[in-house]
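Worksheet: one structure, shown below.
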There are 2 protein chains.
Amino acid sequence: MSNDSFRSGCPINLGLEVFGDKWSLLIIRDMMFAGKRHYREFLASDEGISSNILADRLARLVDAGILTRADDPAHKLKAIYSLTARGIDLLPILAQISRWSRSHMPVDPELARTGEARDRAGPGAVEAQMAALRRLHLGEG
Amino acid sequence: MSNDSFRSGCPINLGLEVFGDKWSLLIIRDMMFAGKRHYREFLASDEGISSNILADRLARLVDAGILTRADDPAHKLKAIYSLTARGIDLLPILAQISRWSRSHMPVDPELARTGEARDRAGPGAVEAQMAALRRLHLGEG
DNA sequence: TCAAATTACTTGCAAAATGCAATCGATCTT
DNA sequence: AAGATCGATTGCATTTTGCAAGTAATTTGA
């Protein structure tokens, strides 16, 4: 993972090189807000990701240190994906994207609710949810 | 042209459908932080965007209501691009991406300075820069 | 004044990424 | 033993990207 062949060292660019595509942040979203942890669950998202793209993105996110993959101890068939600390740190970005879209795009009112609630709860809400994610994803691994 | 053929009405998804690629937010970055307004300036970015991709992204961003394009009154050859209100509202997202990358990626220290300064200045700094952009891009067009 | 430079793009083409459907071997359920 | 379920992989068509070259209109410089 020591291959520094980035287009530039600009912070904005480096972020985009890791999660700047149409699918990666949706996977993160599903983990954070829908509690998804398994391949089949991600595959069933509203947006309809293809199985090969999903496999590719999960591998990339693991490579980037945003997710980890572990075998489910109970089910040998099941892999369980967890957020890392750096994955959990993406929440403020998601919250900000949500805010922008709720201001400027024709969002589904039902799907906008969690974001609205978070904004209504004040600036501590994001940090609170990050703490909860840390307990869930880092507490046990 | 009211074709709402989005993958879903989820706020995160809708944002990604507009600016979820490797180039769009870099153009916005160059407008916000480097004061670029002309095609040739965008073309000269560190990351090396191709001219056809740049033309495509500028057109998309104009379509999405994030930028406007106007003929330069002084130079008939020059087009001048401006941010709209909804384009300026992307600044908090950029600031958040910058923050994530400065925590988790090998950013160029020199390029990280403006972000660090913004964070050091406190939460009002983003709003202040947005106000400045509004004066520059919306004040006159 | 007129050739050279500059402007915002467009074009052609190869390479890479994406999307879709079918399939895989391993494991789990019944 | 049979079928369902798991996380993928494969083959193939379509779309997007990247690169180099070219375009027409305008502006600059000698």
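Lettering follows sequence order; numbering is per chain, from 1. Predicted, not measured: the structure shown is a model, and the values here were computed from it.
In this structure a side-chain-to-backbone donor-acceptor pair under 3.5 Å is present from A:Arg37 to A:Tyr81. A donor-acceptor distance shorter than 3.5 angstrom exists from the side chain of A:Ser101 to the backbone of B:Pro11, with no hydrogens or angles considered. Using modelled atom types, no side-chain atom of B:Asp46 and backbone atom of A:Ser8 make a donor-acceptor pair closer than 3.5 Å. With A:Lys78 contributing its side chain and A:Asp72 its backbone, the two residues share no donor-acceptor pair below 3.5 Å. Side chain of A:Trp100 to main chain of A:Met105: no donor-acceptor pair is present (N/O by atom type, distance under 3.5 Å, no hydrogens or angles).
For the atom pair CZ of A:Arg102 and CD1 of A:Ile97, the computed distance is 11.5 Å after rounding to the nearest 0.5 Å. Within the model, atoms CE of B:Met31 and CG of B:Leu91 stand 13.0 Å from one another, a figure rounded to the nearest 0.5 Å.
Among the atoms of the strands shown, none is found under 4.0 Å from any heavy atom of B:Phe42. Note on B:Asn52: a base of the nucleic acid sits closer than 4.0 angstrom, heavy atoms only.
With a cutoff of under 4.0 Å to any heavy atom of chain A, the contacted region of DNA chain C is bounded 5' to 3' by C:dT18 to C:dT29. Taking every nucleotide of DNA chain D with any atom under 4.0 Å from a non-hydrogen atom of chain A, the first and last of them, 5' to 3', are D:dT5 to D:dG11.
Nearest-nucleotide positions on DNA chain D for B:Arg60 and B:Ser51 put B:Arg60 closer to the 5' end. Sequence order on DNA chain C of the closest nucleotides to B:Leu43 and A:Lys76 puts B:Leu43 first from the 5' end.
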Only distances under 3.5 Å count here; give the side-chain donor-acceptor pairs of residues 52-62 of chain A to other protein atoms, sequence neighbours excluded, each with its distance to 0.1 Å.
{"from": "A:Asp56", "atom 1": "OD2", "to": "A:Arg60", "atom 2": "NE", "distance (Å)": "2.8"}
{"from": "A:Arg57", "atom 1": "NE", "to": "A:Asp21", "atom 2": "OD2", "distance (Å)": "3.1"}

